[in-house]
Amino acid sequence: MRLAVAGAGYVGLVSGVCLAAKGHHVACVDVNSTVVQQLNNGTPHIYECGLPELLTEVLAAGRFSVTSDLGSALENSDLVVIAVGTPSKDGAIDLRFIRKVSGSIGDYIGKTGRFLSVVVKSTVVPGTTDTVVRQEIEQASGHRHPAFGLGMNPEFLREGEAIEDFMNPDRIVFGHEDPRTLELLEELYAPWDCAKVRVNTRTAELIKYANNALLATQISAVNEIANLAAALGGIDVMDVMQGVHLDKRWTPVIGGQRLTPGILAYLVPGCGFGGSCFPKDVEALRTQGEDRGLDMRMLNGVLDVNRNQPGQVTAILERECGGLKDKRCLVLGLAFKPGTDDVRESASLKIVADLLAGGALVQAHDPIAAENFERAIGASGDGVDYLDDWQAELSETEIVVVATRWPEYGVLSDLNLAGKTVFDARRLFGRDSLDCGKYLSIGLT
Ligand code: UGA
């Protein structure tokens, strides 16, 4: 099949390249001419494991190209996937780019009179495709649906594992408003053999949000229990969670073997969730509910707990170290999670700012995210010393904060940490596996 993908950002690029790898002909469209040129030369502008190799492969096969001309990309396409950004504005979703690209697609449909199915992949609040997108296209084209097709095909891609998630999905959701779009979606994903869910577009939209909201809820729930365990004293919440995880409903026993589902990783205490998805999506859903007159108590709670969680790190350090003034602190991990250089809503932004505000002398390291971090933290990060070789500085450090679960920090268990305080904010280590002066964490007193 020939298709266009509007938006060569993280979602559009990964989707386009993976669809091309499965044999489709994909024309990606992006407004940024530098990005267009870079991608056509085989260099991704985002960091994603396996992407450079796959991009080179599909470019060489002649099945993938990038252009800034939407019209030419649509020319031979039966279907266009919208994968433009949906930023957050005052907690609500900002549909500016969705509107704009829908209008441009509508212009094309109006001019050519060709049938085209428009499938939204961007994360949009329930009801967006069959109201906003539909209206923009109808207005610009002068045609009423179903003179064009409408669909919604949410992505479930984790940053850092996006290629793997696209190629081996748990399920694919075909949100559709007309039979032709469903047919095209079936054809598009024919190479994938997995569960396929066929629903209307607003159900597809809510599946995506519900998925992220429930994962975020697990994280905040376990963090609240961790804070309670710490307040009670004499409890390590990891022991609590180990006991909880053994419930067969979390870890089913099949054929005498206990499974360890990935979901359990979201039931580990820490300094909160971040990234470009969980915080923004939970907020957008909360705001949509409130706009409909609902209290959205649960999602408000999830956000509240998460907002306060990074602050636990400095609060505990202040208490346990008798203040932070002039203490030499090394923060390990600046990305919101390992495997990415993304620092959006990273807990480290707050942790570093709090440490500096407390008077600490802060050094920081991340294998790939330091540059992005420095830019994102701005003036609140003035004074941070970014290190390339953190181990070389370790002897002078008094406090080490492990803020991201990068595997390379596992080496701490082999290093001399005598007299040092280690704050393991992600529970990378068991409480007895470090030979340090003091081991601190969330949910442990
Ligand atoms: C998340 C979802 O997992 C994807 O399914 C979804 O498609 C994506 O949002 C999106 O909406 O586009 P992502 O934000 O890349 O993907 O990251 P996750 O790996 O789920 O991490 C989100 C947060 O959960 C992070 O703060 C991370 O520290 C935390 N997390 C992650 C855990 O607590 N445990 C884990 O095992 C993984």
Side-chain angles (χ1 to χ4, degrees), residues 47 49 159-161 238 265 268-272 274 310 312-314 316-318 320-343 346-377 380-442 444:
Y47 176 85
C49 181
E159 281 191 42
E161 278 144 302
M238 287 306 274
V268 174
C271 50
Q312 296 284 328
V313 175
T314 25
I316 295 169
L317 279 171
E318 290 257 13
E320 297 290 326
C321 303
L324 290 168
K325 183 101 186 78
D326 295 331
K327 296 263 164 53
R328 298 178 63 95
C329 287
L330 170 61
V331 178
L332 295 178
L334 304 171
F336 83 95
K337 65 168 190 179
T340 176
D341 64 353
D342 196 340
V343 301
S346 170
S348 300
L349 291 165
K350 174 94 168 54
I351 294 170
V352 167
D354 284 355
L355 289 170
L356 288 166
L361 307 170
V362 181
Q363 294 186 308
H365 173 269
D366 191 282
I368 53 176
E371 239 174 76
N372 285 347
F373 185 87
E374 192 172 2
R375 211 172 307 124
I377 196 168
S380 315
D382 282 353
V384 175
D385 177 16
Y386 295 93
L387 304 176
D388 287 328
D389 183 0
W390 61 271
Q391 290 191 42
E393 301 286 323
L394 198 59
S395 60
E396 300 299 315
T397 301
E398 295 168 88
I399 299 170
V400 181
V401 179
V402 183
T404 311
R405 288 181 76 93
W406 282 107
E408 68 179 77
Y409 299 141
V411 72
L412 275 169
S413 55
D414 302 326
L415 300 177
N416 178 8
L417 301 169
K420 299 185 197 310
T421 297
V422 176
F423 196 108
D424 182 7
R426 296 291 181 188
R427 293 298 183 129
L428 191 56
F429 306 97
R431 65 178 174 264
D432 301 319
S433 61
L434 293 182
D435 193 11
C436 58
K438 200 182 262 184
Y439 176 86
L440 301 173
S441 192
I442 306 267
L444 169 74

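Counted within 6.0 Å of CG on Asp388, heavy atoms from surrounding residues, nucleotides or ligands total 12 or fewer; the atom is thus considered open.
A 4.5 Å side-chain heavy-atom check between Phe423 and Ile442 finds at least one atom pair inside the cut-off. Pro367 is listed as a side-chain neighbour of Tyr409, based on a closest heavy-atom distance under 4.5 Å. With contacts defined as side-chain heavy-atom distances shorter than 4.5 Å, the pair Val384/Phe373 does not qualify. A 4.5 Å side-chain heavy-atom check between Thr404 and Ser348 finds at least one atom pair inside the cut-off. At least one side-chain heavy atom of Leu394 sits less than 4.5 Å from a side-chain heavy atom of Leu417. With a 4.5 Å cut-off on side-chain heavy atoms, Leu332 and Trp406 do not count as touching. Gln312 is not listed as a side-chain neighbour of Cys271, based on a closest heavy-atom distance of 4.5 Å or more. Side-chain atoms of Leu387 and Leu330, non-hydrogen and from C-beta on, do get closer than 4.5 Å to each other.
Atom CG of Leu356 sits about 8.5 Å away from atom OG of Ser380, to the nearest 0.5 Å. Expressed to the nearest 0.5 Å, how far OG of Ser433 lies from CG of Asp424 amounts to 8.0 Å. To the nearest 0.5 Å, atoms CG (Asp354) and SG (Cys329) are separated by 11.5 Å.
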*Would Trp390 and Thr397 satisfy side-chain contact (heavy atoms from CB on, under 4.5 Å), going step by step from the backbone distance to the final call?*
CA-CA 10 Å; Trp390 61 271; Thr397 301; over 6 Å; no
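Taking each heavy atom of Asn372 and Asp341 in turn, the nearest pair found is ND2-O, 2.8 Å. Considering all non-hydrogen atoms of both residues, Ala403 and Val331 come closest at CB-CG1, 4.2 Å. In terms of heavy-atom proximity, Gly358 sits nearest to Glu318 at CA-OE2, 4.1 Å.
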I'd like a table of donor-acceptor pairs (distance under 3.5 Å, sequence neighbours excluded) in which one partner is a side-chain atom from residues 320-327, with atom names and distances.
| residue | atom | partner | partner atom | Å |
| --- | --- | --- | --- | --- |
| Lys327 | NZ | Cys321 | O | 2.8 |
| Lys327 | NZ | Gly323 | O | 2.9 |

